[in-house]
Student: 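Let me give you the structure first, and then I'll get to my questions.
Please read all numbers here as calculations on a predicted model, not as lab measurements. In what follows, residues are counted from 1 in the order of the sequence shown. Basis for what follows: all heavy atoms, side chains included, without hydrogens, waters or symmetry-related copies.
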Amino acid sequence: MTENLSAGDAPARRAFVAPLVSTLLTLPMALVALFYAGISPMACDSCDTEAAHAFDAGFRIAWPVFTAGLVGVLVLLVCCWALPWRVRNTARRVGLAFAAPGLVVLDTVVFTALVDWP
């Protein structure tokens, strides 16, 4: 019995490459960004009271935004792995795979911009 598959429904060969490369790039980038954001309160250890309050106010906003961004990165990675491995989904899979490390960079830039550094 032969299956009549349209071109878009055919299984995609090497569909795992884009998600794999993205995962191998994104996870270390996200860990470095998390480390950077996690130790950033130490930047204001020797601040006077006024600078410390300004830093704390910015950090209280920036940290939840940063963690939500990392959750978004995880969602992108899961989506690029979870898409059905068909030819019609190749562009979506590659787009999601490229977006994940880009979102890590954007998340770090937004975090840095939101914090009032001493």
Side-chain angles (χ1 to χ4, degrees):
M1 175 185 238
T2 16
E3 254 183 78
N4 289 332
L5 294 175
S6 68
D9 287 334
R13 296 184 66 212
R14 296 180 191 88
F16 66 93
V17 173
L20 179 64
V21 170
S22 179
T23 302
L24 292 176
L25 261 165
T26 304
L27 291 182
M29 285 174 61
L31 286 175
V32 168
L34 184 62
F35 179 74
Y36 165 73
I39 66 168
S40 65
M42 292 177 21
C44 204
D45 278 348
S46 62
C47 294
D48 61 354
T49 306
E50 187 176 310
H53 287 307
F55 178 84
D56 288 342
F59 188 79
R60 264 188 243 116
I61 294 168
W63 181 254
V65 169
F66 179 75
T67 53
L70 287 183
V71 169
V73 168
L74 181 63
V75 167
L76 285 176
L77 283 176
V78 168
C79 286
C80 75
W81 278 105
L83 276 174
W85 291 19
R86 302 287 178 212
V87 171
R88 66 176 174 206
N89 293 324
T90 301
R92 286 184 201 102
R93 184 177 299 104
V94 171
L96 291 171
F98 276 124
L103 186 56
V104 172
V105 172
L106 178 67
D107 193 28
T108 305
V109 168
V110 168
F111 173 80
T112 304
L114 286 175
V115 174
D116 187 16
W117 297 98

Student: Extract all donor-acceptor atom pairs below 3.5 Å that involve side chains of residues 51-67 and protein atoms in other chains or at least two apart in sequence.
Tutor:
from, atom 1, to, atom 2, distance (Å)
Thr67, OG1, Trp63, O, 3.2
Thr67, OG1, Pro64, O, 3.0

Student: Can you list the residues that meet the disulfide bond (SG atoms under 2.5 Å apart) rule with Cys47, with sequence neighbours excluded?
Tutor: Cys44
Student: Would you name the heavy atoms of Pro11 and Val87 that are closest together and state the gap between them?
Tutor: O-CG2, 4.0 Å
Student: Which donor-acceptor pairs under 3.5 Å do the side chains of residues 98-115 make with protein atoms, sequence neighbours left out?
Tutor:
from, atom 1, to, atom 2, distance (Å)
Asp107, OD2, Leu70, N, 3.4
Thr108, OG1, Val104, O, 2.9
Thr112, OG1, Tyr36, OH, 3.2
Thr112, OG1, Thr108, O, 2.9

Student: Would you compute the distance between atom OG of Ser40 and atom CZ of Phe35 and round it to the nearest 0.5 angstrom?
Tutor: 10.5 Å
Student: Below 4.5 Å, heavy atoms only, C-beta onward: do Pro19 and Leu77 meet side chain to side chain?
Tutor: no
Student: Nearest heavy-atom pair of Pro41 and Ala37: which atoms, and what distance?
Tutor: CD-O, 3.7 Å
Student: Can you hop from Leu74 to Val71 via hydrophobic side chains spaced under 4.5 Å?
Tutor: no
Student: Honestly curious: do Val21 and Leu24 fall in one hydrophobic cluster under the side-chain, below-4.5 Å linking rule?
Tutor: yes
Student: With a 3.5 Å cut-off and no angle check, do the side chains of Arg86 and Asn89 form a donor-acceptor pair?
Tutor: no
Student: Hey, does Trp81 have a side-chain heavy atom less than 4.5 Å from the side chain of Arg93?
Tutor: no
Student: Can you name the nearest heavy-atom pair linking Ala43 to Pro118, along with the distance?
Tutor: O-CG, 3.5 Å
Student: Tell me, with the steps shown, if Cys79 and Val75 meet side-chain contact (heavy atoms from CB on, under 4.5 Å).
Tutor: CA-CA 6 Å; Cys79 286; Val75 167; 4.1 Å; yes
